[in-house]
Amino acid sequence: MPQIVIGRGLDKIDGSLHKATYAFLAKLSANDDNKSLHIEPINNSADPRARTGRVDLSNRAVLFKVQGSGQDASYVFIGTYPHDEAIKIAQTQRMAVNPRNGIAELLPVENAAPAPVYSAPVAVSENRTPSIEQSLRRREFTAEDLTELGLDLEFATGALDINDPDALLEYAETAPATWQGTALVDIFTGTSLADVKEKYALDTVESDDGTEDDKLLRALRHPAARMEFAFIEDNDELREAIERPDFAAWRIFLHPEQRAYAFKDINGPFRLTGGAGTGKTVVLLHRARELHRKNPTARIVLTTYGATLAESLRAQFRQLDSTVTLAADMGKPGVYIAGVDAIASRVLHKYEGQLGGGADVNGAVATVLGPRTAQVFKNQGFDAWKQAIGAYGADLPNELKVDSFFEAEYSLVVLPNSVTTREEYLRVKRSGRGVSLNRSKRNAVWDVIAGYRASGAASGSTDFDEKAAIAAAVLRDGSSALADHVLVDESQDLSPSRFQLLRALASEGKNDLFFAEDTHQRIYGQRVVLGRYGINIVGRSRRLTLNYRTTEQNLHYALGILSGAEFTDLGDLPETSEGYRSARSGPKPQQISVSNLTEQYDVVAKLVNSWTAAGTDAESIGLLVPTKKEGQALPRALGERETSATFVDRNSSGAKGTPQVMTMHRAKGMEFAKVVLVGVGENSIPRSYVVDSLPEGERDDALQRERSLLYVAATRARDNLVVVWTGKPSALLPEIG
Ligand SMILES: Nc1ncnc2c1ncn2[C@@H]1O[C@H](COP(=O)(O)OP(=O)(O)OP(=O)(O)O)[C@@H](O)[C@H]1O
């Protein structure tokens with residue numbers, strides 16, 4: 001059967017032609033001899049492969065027919081146009097194989113002029129100082145540097161003197177091929193030529209075998225070509241691609257780096273980092289599908305922090321491929337999607353009879369918590385630490401009488417080291433803890449921990465971290481793992497016990513653990529170093545840097561929030577935001593200072609109304625606030641201004657057709673066309689009541705989480721970002737230049 005390859009002109013097809021275009025291509029993929037398609041070659045076309053076909057009475061599809069040896073033809077579809085325009089386009093475009101790197105490109109005919117004479121490949125100089133304030137020529141790049149990679153000579157030459165980043169982005173959009181545009185942005189924003197070569201697989205040596213069409217077919221499969229040419233597998237995929245072009249992009253056009261991490265085999269645990277919006281989740285989704293395709297009997301777990309994010313992963317996975325049946329349970333073949341805490345609960349229920357506890361001093365419960373009842377399913381109350389401090393904390397110094405100090409100590413030191421006695425606690429290494437404790441303080445801290453555990457045992461309950469630790473222990477005790485591949489999103493927010501659970505879930509080996517994380521987005525829990533908990537990722541860690549979500553302007557602003565702070569990743573190495581870039585340009589973020597709440601609500605109502613009046617879908621507007629209280633107040637205040645909005649939280653998913661109000665925490669992993677950060681004044685964020693209540697040694701980390709929270713919130717916007725505050729602005733906000 002003929003193969004359909006979709007090019008990138010999809011979003012230019014008039015919506016009224018979607019159905020007819022789909023019908024045409026579906027027919028073509030069934031049988032290209034079908035006379036009703038009226039496939040015709042074009043007189044005077046620059047490329048003899050050019051064809052048009054009849055979509056309806058007045059519109060034609062533009063195609064390139066590529067006839068590989070010994071197989072059915074492939075058709076590269078590049079759009080549907082009114083009859084005359086279609087003919088003109090078919091006459092003036094050609095498919096070509098880039099002579100430098102073997103990437104398939106669709107070029108305008110002007111470029112059919114003799115190919116530029118390339119200099120012999122030269123060694124790439126690494127010691128240029130990238131300063132994105134300067135043009136490439138000022139940074140001593142030459143056209144040859146760029147053509148040596150395979151960029152078109154004219155395009156490369158035109159780029160050399162641009163020094164304004166916005167102008168460069170605009171220019172990059174005129175690139176003869178998608179990969180050339182993004183590679184130019186990479187170089188302009190400081191990526192070395194050698195790294196660009198690697199990212200786009202530009203060093204691939206092409207074999208010269210076969211006909212010109214055979215070579216073109218291979219070139220269409222080059223990872224960089226697949227940023228704009230997608231091989232369509234079935235009619236469902238075809239329909240989605242044609243009828244929902246924007247929505248389909250992440251599913252069919254992957255960046256070569258995304259493709260590499262989604263598809264390659266990896267020996268052992270791997271960590272993919274990358275700024276907000278660089279497509280980490282997209283990679284995980286593709287990787288899960290690919291692992292399933294390679295081996296339908298494989299047991300694949302796709303997980304993340306929290307139930308809401310897991311629900312969204314499930315929905316996105318269905319969008320990617322509705323034909324994959326999700327596994328009904330862990331341990332069964334297929335893709336199982338759930339939050340980490342749900343996984344812990346599931347493991348505990350599955351192995352209920354083997355948890356030990358009671359008289360069994362060797363069981364998982366006793367290993368983690370010491371001798372106690374095996375009842376573990378109920379959840380500890382939210383104020384359990386407060387109560388334990390009140391009841392057993394008489395000897396504690398005041399600065400340690402804080403529940404979040406205990407949560408951290410318990411999560412980072414006590415549980416992952418299976419500390420069950422005072423003696424063990426007095427000896428245990430407290431690596432990475434901000435507060436140092438002498439012997440008498442350790443004794444006082446242990447009094448509280450023992451009291452906390454006693455109250456859990458009395459009520460038959462555990463907290464979520466304890467559940468994860470017990471689940472990890474029971475899996476380690478058992479003989480077989482429950483999964484072959486475990487893929488984890490938002491890893492930066494997981495605690496050591498949860499990492500231990502995930503380690504124990506997967507059998508060690510090829511493609512066992514894959515963590516996606518962004519240290520800059522850690523808003524829960526503590527800094528974790530994976531190596532301390534049995535997960536060795538040394539040498540298996542890579543970073544994505546191209547932001548697909550937002551504009552360069554919003555990204556620049558969001559990165560300003562991070563500037564000046566130092567971050568450390570899960571491998572205990574400094575995390576940088578260097579090289580993060582977007583290939584899209586848009587309006588500058590707006591900062592609005594008002595003097596009181598009434599004015600703040602007026603401003604937000606006005607913004608929302610102006611956007612919806614201009615045609616923005618109300619649901620794609622996100623109004624993000626620092627606290628739940630402010631989130632509940634905002635829809636009421638907007639209602640008084642005849643503007644509807646709904647507050648979304650764990651208990652309510654929000655009404656359809658209105659802007660979504662939510663806390664910045666809740667907004668993690670989400671995105672909106674337009675975002676207003678509401679109430680970002682100096683007294684609102686950082687939330688001083690959170691930071692100041694902590695012992696001195698833990699405040700820096702808490703402040704870091706507040707900074708990250710603001711970064712998470714600011715990176716939710718696709719197009720417009722507005723920040724509003726009353727009084728003075730938050731000290732974490734950057735200046736707008
Ligand atoms: N190859 C692609 N083509 C088009 N769109 C893409 C591509 N990859 C990612 N996107 C889009 O970019 C946005 C961000 O992707 P994704 O959510 O995977 O990023 P992320 O790195 O997980 O972000 P965050 O850390 O903020 O949650 C989404 O709208 C996604 O559809």
Side-chain angles (χ1 to χ4, degrees), residues 6 8 10-11 178-179 181-182 199-200 223-230 240-241 244-263 271-288 302 304-306 308-310 312-313 315-317 319-320 487-493 514-523 542-551 554-555 558-559 561-562 569 575 577 580-584 620 622 624 664-673 675 708-719 721:
I6 296 278
R8 271 218 122 149
L10 298 182
D11 46 356
T178 304
W179 79 268
T182 54
K199 276 172 193 275
Y200 294 84
R226 294 178 79 174
M227 292 178 83
E228 63 181 314
F229 299 107
E240 288 283 6
R244 305 178 70 182
D246 282 347
F247 172 79
W250 67 270
R251 299 186 304 162
I252 59 176
F253 299 118
L254 290 184
H255 188 282
E257 286 186 293
Q258 292 180 321
R259 182 169 292 281
Y261 305 131
F263 289 81
R271 189 172 63 102
L272 183 65
T273 70
T278 50
K280 299 180 293 299
T281 307
V282 162
V283 168
L284 283 181
L285 294 164
H286 278 271
R287 189 166 177 84
L302 179 54
T304 183
Y305 182 94
T308 312
L309 289 169
S312 136
L313 269 187
Q316 285 177 288
F317 191 76
Q319 284 166 8
L320 176 63
L487 311 172
V488 191
D489 206 3
E490 306 284 355
S491 307
Q492 74 281 350
D493 279 318
F514 190 103
F515 298 105
E517 69 136 341
D518 180 9
T519 301
H520 297 126
Q521 293 187 63
R522 177 169 62 84
I523 58 174
R542 296 287 182 278
R543 195 160 73 105
L544 293 175
T545 48
L546 177 64
N547 189 305
Y548 273 95
R549 178 180 299 132
T550 199
T551 60
N554 291 344
L555 179 64
L559 291 176
I561 295 170
L562 300 179
D569 67 20
E575 180 67 284
S577 55
Y580 286 150
R581 67 212 180 282
S582 161
R584 242 169 17 94
S620 69
L624 312 185
M664 294 178 178
H665 279 94
R666 172 87 189 183
K668 169 187 268 288
M670 308 196 68
E671 66 183 39
F672 301 92
V675 166
S708 291
L709 182 62
L710 200 51
Y711 171 71
V712 165
T715 50
R716 300 306 100 193
R718 284 200 297 267
D719 303 319
L721 174 63

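Counting starts at 1 for both ligands and their atoms, following the listed order.
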Here the gap from R226 atom CZ to R259 atom CZ, rounded to the nearest 0.5 Å, amounts to 4.0 Å

Keeping T278 on the side-chain end and T545 on the backbone end, is there a donor-acceptor pair under 3.5 Å? no

What pairs with T715 under side chain to side chain contact (heavy atoms under 4.5 Å, CB included), at least two apart in sequence or on another chain? A276, A558, Y711

Answer with yes or no whether E490 contacts ligand 1, where contact means a heavy atom under 4.0 Å from a ligand atom. yes

Atom indices of ligand 1 within 4.0 angstrom of G275 heavy atoms, with elements: 21 (O)

Heavy-atom contacts with Q521 under 4.0 Å: which atoms of ligand 1 show up? List them by number with element. 24 (P), 25 (O), 26 (O)

Ring geometry between W179 and Y200 (parallel below 30°, tilted from 30 to 60°, perpendicular above 60°): tilted

Are R542 and Y261 in a cation-pi contact, defined as NZ or CZ under 6.0 Å from the six-membered ring centre and within 45° of the axis? no

Using a strict cut-off of 4.0 Å, indicate which atoms of ligand 1 neighbour a heavy atom of G279. 9 (C), 15 (O), 16 (P), 18 (O), 19 (O), 20 (P), 21 (O)

Is T278 in contact with ligand 1, taking contact as a heavy-atom separation below 4.0 Å? yes

Distance filter under 4.0 Å to F253 heavy atoms, resulting ligand 1 atoms: 1 (N), 2 (C), 3 (N)

If you have a sec, work out which protein heavy atom is nearest atom 21 (O) of ligand 1 and how many Å separate them, to one decimal? K280 NZ, 2.7 Å

How far is atom 8 (N) of ligand 1 from its nearest protein heavy atom, and which residue and atom is that? Q258 NE2, 3.0 Å

Roughly how far, to the nearest 0.5 Å, is the OG1 atom of T273 from the CD atom of Q521? 11.5 Å

Nearest neighbour in protein (non-hydrogen) for atom 11 (C) of ligand 1: Y548 CB, 3.7 Å

Examine the proximity of ligand 1 to R716 and report which part, side chain or backbone, both or neither, has a heavy atom under 4.0 Å away. side chain

Set of residues satisfying ring-ring contact (aromatic ring centres under 6.0 Å, His included) with respect to F229, sequence neighbours excluded: none

V282 side chain near L320 side chain, heavy-atom distance below 4.5 Å: no

Nearest heavy-atom pair of G669 and R716: which atoms, and what distance? N-NH1, 3.3 Å

Does an N or O anywhere in V282 fall below 3.5 Å from an N or O of ligand 1? yes

With E517 as reference, evaluate Q492, R522, R271 under the side chain to side chain donor-acceptor pair (under 3.5 Å) test and give the passing residue. R271

Between T281 and ligand 1, which residue portion shows a heavy-atom distance shorter than 4.0 Å: side chain, backbone, both, or neither? both

To the closest 0.5 Å, what do you measure between CG (L284) and CZ (F515)? 11.0 Å

Does G277 reach ligand 1, in the sense of a heavy atom lying below 4.0 Å from it? yes

Between K668 and ligand 1, find which residue part has any heavy-atom pair under 4.0 Å and reply side chain, backbone, both or neither. neither

For E671, take its heavy atoms, then give the atoms of ligand 1 lying under 4.0 Å from any of them. 13 (C), 14 (C), 28 (C), 29 (O)

Below 4.0 angstrom from a heavy atom of A249, which ligand 1 atoms are there? Numbered from 1 as shown, please. 3 (N), 4 (C)

Identify the protein heavy atom lying closest to atom 17 (O) of ligand 1, giving its residue, its atom name and the separation to 0.1 Å. R549 NH2, 3.5 Å

With nothing but distance in play, are any N or O atoms of L254 less than 3.5 Å from an N or O of ligand 1? no

